[in-house]
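To keep things clear, I will list the structure first and then write my remarks on it.
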Amino acid sequence: MQDSLVKALYASPASLLSGAISGGSLSLVIAWQASVLVMDIIAGLVLLVGISRSISAVYFQRQLAHKDCPAQPIWGIAYEMGAWIYAALLGLQSLATLTISTDATLHVLAVGMVASYAGGISGRNAGRVHVAVGQTCFSLLPTSVGLIIAGGIGYVTLGILCFLMIFAMAEITKTTHRIVLAALIGKNEKTQLARKFERLARFDSLTGVENRMAMQMRLRDLFDRRGQDADHVAVLWMDLDRFKEINDSLGHIVGDQLLCQVAERLTGVLDGRGHVARFGGDEFVIICPDANRQAAENLARDVMRQFSTAFEVGGYSLSVTASMGIAVGPQDGQNGDELLQHADLALYRSKNSGRNRHSQFDWAMKERQNRIYELEMGLRNALANGDLELHYQPIFDSLSGRIVICEALMRWTHPQLGKISPAEFIPIAESSSLIEPITAWALERACMDAMGWDEEVRVAVNISPALIKSDGLSRAVMGALLQAGLKARRLELEVTESVFLDANRRTSQLLDELRRIGLRLALDDFGTGYSSLSYLRSHSFDTIKV
């Protein structure tokens, strides 16, 4: 606030210059008409001080007024001394004119100059009340004394009025000061509020590092300045492994504290090599200008080493790992958005490869992503248009040679890509929430087809492990049986060992419920996974496929 008041004093160099010219000119005229040496000396000093104050105001306004750093206290002191000296010289000149000269015209000029000066400074120097009051006193008190000394009813009356004018000008100055101070306080509060909102807009409120918007703007500006032929720019996208488990088991407060410590370690390990931002949740992105692929690889190793030491959070010692994807422009992307996307693809490679590692982007990942997207869109259309098919693989009784069961095998022919293997499109269906409607369709279709077979022939349908965890499997099974009119004993559901990897009570209850209504259960591909015999002891299966 004090800095703003000092700058307000120097805000208008033009007014100081005009005051110096008018005051100096009148002083010279009075001195020339009076033809007294003392008056000449005073007029010269008035002109010199006025010009010096004007020059200092111009210099301050051009060199210092617009800088962010505060004005030095010496500038406030210099202004005060200059203002008081100038006012004292004008008052002294007025006193000398009234006491030495008998020319009434010069008296009018001297008193008029001092009165107009006092009126002007009451408003102009309201930023510093004591400066304005001091100037008024230094200029009007000598004038009042000189008028009283000059004698005569008119002069004495005018002298008394000049003395009273000091108090009037002081009150005007204080009122103006309050108005100026309120305006400066309001401006300062608005500035602080603007800075606060700017920080909230650019920085993550939890960790203090930049947020998604700020980092995207930084990356976009980086490419805009350098163009497509830019130097290397590395983007490292990092994600904490199994962070959700920490939140779920220890609470969000511990999770938030962990994120803050991660942000601190990342900021420390960067050591000026780049900028870190939190992209939301447990994801952090690092941008490193002028970093080639090798430099990005070295930085990734440094970051991964930060997770070799446990985090002490809320009384817990947490051993946390992270996965990271790396993309380096311009080879891996011609703009910021593309580079971020490719770093994200590399991150998924790290996740799918076992976590706790970093991966470099390569264009095969992009091709794979494009194919996955195309297959997902095609799969949605196939489901909507009825383009999926069920083929049946019969299983014979070795003794009688008769068909006892037919396993339903899903097939799909893409309009452009041709036949797509279930090993490729089923995982896509599982990751895109399509597996539930596809399984419901398969159950309905299989039950309807089985109604046209011999009464003793069963139908088997493979059930995705992802569907076991949902609440839709029981409804889909019951709906398919009721719609087709198929007996429950003729439907067999095939599951793999993977459904037991995250086994919980809900999984066991669901399987037991399905068996109680008469469905048969088959354990498929036993021997290709963990092959734990505990599965066989914990659950009753009608069929085991080895």
Side-chain angles (χ1 to χ4, degrees), residues 201-241 243 259 262-263 265-267 269-270 272-304 306-307 322-353 355-374 376 431-432:
R202 293 186 57 85
F203 292 89
D204 178 55
S205 58
L206 175 64
T207 61
V209 299
E210 290 185 342
N211 58 19
R212 176 192 293 263
M213 183 194 73
M215 185 58 79
Q216 288 176 325
M217 290 175 59
R218 180 186 295 278
L219 194 56
R220 192 175 298 118
D221 292 343
L222 194 61
F223 273 89
D224 288 345
R225 288 198 306 268
R226 300 185 177 190
Q228 289 191 352
D229 297 329
D231 294 335
H232 296 288
V233 178
V235 172
L236 293 79
W237 194 314
M238 191 194 78
D239 178 86
L240 300 184
D241 297 330
F243 177 73
L259 291 174
V262 169
R265 291 194 186 184
L266 291 177
T267 303
V269 76
L270 280 177
R273 289 182 287 179
H275 311 274
V276 61
R278 182 185 175 209
F279 258 43
D282 60 331
E283 293 182 321
F284 292 86
V285 168
I286 299 171
I287 291 181
C288 300
D290 305 318
N292 57 23
R293 201 169 296 278
Q294 185 57 51
E297 184 76 21
N298 294 338
L299 177 58
R301 292 195 187 98
D302 293 342
V303 170
M304 300 301 284
Q306 295 299 309
F307 293 88
S323 301
M324 183 181 295
I326 305 170
V328 179
Q331 301 95 327
D332 296 341
Q334 294 298 321
N335 56 62
D337 292 339
E338 189 177 27
L339 210 57
L340 283 170
Q341 181 188 28
H342 293 170
D344 193 22
L345 287 177
L347 169 62
Y348 277 106
R349 165 71 64 83
S350 298
K351 287 284 190 182
N352 294 333
S353 299
R355 299 186 175 93
N356 192 24
R357 65 195 66 213
H358 61 274
S359 302
Q360 293 270 4
F361 170 79
D362 64 66
W363 285 96
M365 298 179 187
K366 182 72 171 181
E367 295 172 4
R368 175 60 183 163
Q369 183 204 34
N370 292 338
R371 181 172 175 85
I372 289 174
Y373 176 78
E374 188 173 4
E376 181 183 337
S431 64
S432 59

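Every heavy atom of this structure was used, including side-chain atoms; hydrogens, water molecules and symmetry mates were not.
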To the closest 0.5 Å, what do you measure between CG (L347) and OG (S359)?
8.5 Å

How long is the gap from CD on E283 to CG on D239, to the nearest 0.5 Å?
5.0 Å

Quick one: do D332 and V235 satisfy side chain to side chain contact (heavy atoms under 4.5 Å, CB included)? Show the steps, please.
CA-CA 10 Å; D332 296 341; V235 172; over 6 Å; no

Output the distance between atom CG (N356) and atom CZ (F307), rounded to the nearest 0.5 Å.
9.5 Å

Atom pair CD (Q331) and CG (L339), whose distance is rounded to the nearest 0.5 Å:
9.5 Å

If I compare all heavy atoms of A234 with all of A296, which pair ends up nearest, and what's the gap?
CB-CB, 3.7 Å

Test item: M238 and H358 side chains (from C-beta on) under 4.5 Å apart, heavy atoms
no

Taking all heavy atoms of K366 and all of L345, pick out the closest pair and write down the distance.
CA-CD1, 4.1 Å

May I ask you to say whether D241 pairs ionically with K351, meaning some side-chain N is under 4.0 Å from a carboxylate O?
yes

Apply side chain to side chain contact (heavy atoms under 4.5 Å, CB included) to the pair F361 and R349, showing each step before the final yes or no.
CA-CA 9 Å; F361 170 79; R349 165 71 64 83; over 6 Å; no

Do R293 and E297 sit within salt-bridge range, that is, some charged N less than 4.0 Å from a carboxylate O?
no

Pairwise side-chain contact, V262 with D282, heavy-atom cut-off 4.5 Å (strictly under):
no

Is any side-chain heavy atom of V233 closer than 4.5 Å to one of L219?
yes

Intermediate values then yes/no, side chain to side chain donor-acceptor pair (under 3.5 Å), N298 and Q294:
CA-CA 6 Å; N298 294 338; Q294 185 57 51; 3.0 Å; yes

Report the C-alpha separation of F223 and Q334 in whole Å, then their side-chain angles, then the decisive distance to 0.1 Å, and conclude whether the side chain to side chain contact (heavy atoms under 4.5 Å, CB included) test is met.
CA-CA 8 Å; F223 273 89; Q334 294 298 321; 5.8 Å; no

Do R273 and D302 touch side chain to side chain, with heavy atoms closer than 4.5 Å?
yes

Atom of Q360, atom of A346 and distance for their closest heavy-atom approach:
C-CB, 4.1 Å

Nearest heavy-atom contact between A291 and H232 is O-CB, 3.1 Å

To the nearest 0.5 Å, atom CG of D337 lies from atom NE2 of H342 at 10.5 Å

Closest heavy-atom contact between A263 and F284?
CB-CE2, 4.1 Å

Are there over 12 heavy-atom neighbours, none belonging to Y348, within less than 6.0 Å of that residue's OH?
no

Atom CH2 in W237, atom CD in Q341: separation rounded to 0.5 Å?
9.5 Å

Side chain to side chain contact (heavy atoms under 4.5 Å, CB included) between L340 and M215, worked out
CA-CA 10 Å; L340 283 170; M215 185 58 79; 5.7 Å; no

